[in-house]
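To start, the structure under review is shown below, and the notes come after it.
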Protein chains: 2
Amino acid sequence: MDAKTLCLGVLLRGEASGYEIKKAFEEGPFSHFHQTSFGSIYPALNALSAEGLITGRAQAQDKRPDKKLYSITPKGRSALISALKIEPAPDVMRSDFLFILSFAQFLPPRRVGHLIDQRIAWYREALERMESCACTNTVPAGAAFVRGMGIAVYRAAADYLEAHRAELIAEISESATLVAE
Amino acid sequence: MDAKTLCLGVLLRGEASGYEIKKAFEEGPFSHFHQTSFGSIYPALNALSAEGLITGRAQAQDKRPDKKLYSITPKGRSALISALKIEPAPDVMRSDFLFILSFAQFLPPRRVGHLIDQRIAWYREALERMESCACTNTVPAGAAFVRGMGIAVYRAAADYLEAHRAELIAEISESATLVAE
DNA sequence: CTGACATATATCAACCCTATATAGGTGGGC
DNA sequence: GCCCACCTATATAGGGTTGATATATGTCAG
């Protein structure tokens, strides 16, 4: 899924600036299953604009830098629908946290505990953000389904970490492969 | 987490070739939380070799191309342990599937159903692979913990998809925003 | 009144992924 | 028997993405 398609997807939900698109992937409705950076968003918006798939208008703001608000065009809408026809690549989870923890026996138990606590807090915070979104019954069916999946998966992750934290710490504390803090 | 650290992580578990490292991220014990490609593995192995963090030896094979088996050196081991001290980046899920499904109301219900079925099958298959790994009690504590987390999360995903498939299809079938197949 | 953080756009180097090349073995279908 | 698809195995080029940085201004806490 390239940056252009991702931007079109956000813009289908309504007018937005580059900064707002970034937020949609950072804390908004897309945050739990895709991400992008300014380095790909701004070039993508320029390309989409040149191809006539979106149109931009400048929005002067009080006590804020100007915004460039982009809207999807009918041509852009059909380009998106057509892009949705591709076979989706396999789902991918990327977690430095789990990579590090898979070598828990080489880490000080205190650090392992701290890492797990941090991650539980992170998942719980994300869950609150997803659940609090009061829009439950106004959201289109697809978005609601996807949001529910995010909640289910994040809850499973947080629950697992809470349930197995003590066990892991106990096991690595016993072991002799401990390294110095 | 850069490719070099990921390779060191695999090699800490034992001697391996570039191809085998790829497999560790594709279907092996790292598959559910990180991935790499040949395009990053081979240059990483060359760089690690030049830095003295790993050593390579050629392994002639019967009726197969030669392998280059790499082993981690003591220097490499401490470089890895030291790399594990960084603060892990936030966990990230990347799913074209969920991105597409979030626009389910613009897709033919038949395709939505097919996509979900495919994804359930994919998750169930991955689960079987993770669970069948009979090594449960011989694996180090960290690896077992991480494996359990993968199973918990994948099971939650598959269960959610199964539980809500019918509901989503019903909702988009009713809706008027249907597009032609 | 300073430092941290938010809004807002933009770019660049470093890195990573995808696709492709090479080369031979294995196994299924017709 | 032959072809096609797929597995083992290494390698690279090209294109795209990430992360850091630059710029400019406003807010808010200590």
Side-chain angles (χ1 to χ4, degrees), chain A residues 1-8 10 15-28 30-31 34-50 54 56-70 83 86-96 99, chain B residues 1-7 10 15-28 30-31 34-50 54 56-70 83 86-94 96 99:
Chain A
M1 228 37 16
D2 56 17
K4 278 159 59 175
T5 309
L6 295 176
C7 287
L8 281 179
V10 177
E15 211 177 34
S17 66
Y19 190 81
E20 287 162 352
I21 292 174
K22 176 84 191 299
K23 277 204 298 187
F25 287 106
E26 218 159 59
E27 34 190 72
F30 296 89
S31 60
H34 252 295
Q35 36 282 139
T36 17
S37 56
F38 291 132
S40 48
I41 290 172
Y42 288 117
L45 289 174
N46 289 332
L48 289 169
S49 221
I54 62 174
R57 67 181 182 88
Q59 165 85 66
Q61 285 193 114
D62 206 44
K63 304 185 177 177
R64 288 259 164 252
D66 279 16
K67 266 184 193 179
K68 278 188 207 162
L69 286 173
Y70 293 95
I86 59 147
E87 280 308 292
D91 288 2
V92 151
M93 166 112 170
R94 192 166 300 208
S95 173
D96 286 359
F99 182 78
Chain B
M1 252 331 74
D2 57 17
K4 277 158 61 174
T5 308
L6 295 176
C7 288
V10 177
E15 212 178 32
S17 67
Y19 189 82
E20 287 163 352
I21 291 174
K22 176 83 190 300
K23 276 204 299 187
F25 287 105
E26 217 160 60
E27 35 190 69
F30 296 88
S31 62
H34 253 294
Q35 36 282 139
T36 18
S37 56
F38 291 132
S40 46
I41 290 172
Y42 287 117
L45 289 174
N46 288 331
L48 289 169
S49 220
I54 61 175
R57 66 178 182 91
Q59 165 84 64
Q61 286 191 112
D62 206 44
K63 304 187 177 178
R64 288 257 164 252
D66 278 15
K67 265 185 194 179
K68 278 188 207 163
L69 284 172
Y70 292 95
I86 60 145
E87 280 309 290
D91 288 1
V92 152
M93 166 112 172
R94 192 166 301 210
D96 286 358
F99 182 78

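Order of the sequence lines sets the chain letters (A, B, ...), proteins ahead of strands, with each chain counted from 1.
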Expressed as a whole number of angstroms, how long is the span from [X]:[atom1] to [N]:[atom2]?
X: B:I21; N: C:dC17; atom1: CD1; atom2: P; value: 14 Å
X: A:E26; N: C:dT7; atom1: CD; atom2: P; value: 10 Å
X: A:E20; N: C:dA6; atom1: CD; atom2: P; value: 16 Å
X: A:K23; N: C:dA8; atom1: NZ; atom2: P; value: 7 Å
X: B:L69; N: D:dT10; atom1: CG; atom2: P; value: 8 Å
X: B:D96; N: C:dC17; atom1: CG; atom2: P; value: 15 Å

If the sugar-phosphate is the primed atoms plus P, OP1 and OP2 and the base is the rest, what is the B/S/- string for nucleotides 11-25 of chain D, using protein heavy atoms under 4.0 Å?
BB----SBB------

Any residue meeting side-chain contact (heavy atoms from CB on, under 4.5 Å) with A:Q59, in chain and number order, not counting sequence neighbours
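Once residues adjacent in sequence are excluded, the partners of A:Q59 under the side-chain contact (heavy atoms from CB on, under 4.5 Å) criterion are A:R57, A:Q61, A:K67, A:L69.
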
Under the ring pair (Phe, Tyr, Trp, His ring centres under 6.0 Å) test, which residues partner B:F30, sequence neighbours left out?
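Applying ring pair (Phe, Tyr, Trp, His ring centres under 6.0 Å) to B:F30 gives A:F99, B:F25, B:F33.
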
Applying ring pair (Phe, Tyr, Trp, His ring centres under 6.0 Å), name anything that partners B:F38, two or more places apart in sequence or on another chain.
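With neighbours one apart ignored, the set is B:Y42.
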
side-chain hydrogen bond (donor to acceptor under 3.5 Å, both in side chains) partners of [X], counting only residues at least two apart:
X: A:T5; answer: A:D2
X: B:D91; answer: A:S95, A:R119, A:Y123
X: B:K4; answer: B:E51

How bent is the helix from C:dC1-D:dG30 to C:dC30-D:dG1, measuring the angle between the end axes built from five pairs each, rounded to 10°?
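Terminal axis comparison yields 40°.
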
Salt bridge (Lys or Arg N to Asp or Glu O under 4.0 Å) partners of A:E27, counting only residues at least two apart
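In terms of salt bridge (Lys or Arg N to Asp or Glu O under 4.0 Å), with neighbours along the sequence ignored, A:E27 is linked to no residue.
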
Taking side chain as C-beta onward, heavy atoms only, is B:D96 less than 4.5 Å from A:E87?
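SC-SC contact between B:D96 and A:E87 ruled out.
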
Whether B:Y19 contacts D:dT10 is assessed here as follows: a side-chain N or O lying under 4.0 Å from the phosphate OP1 or OP2. Is that the case?
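So the side chain of B:Y19 is outside the cut-off, no N or O lying under 4.0 Å from OP1 or OP2 of D:dT10.
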
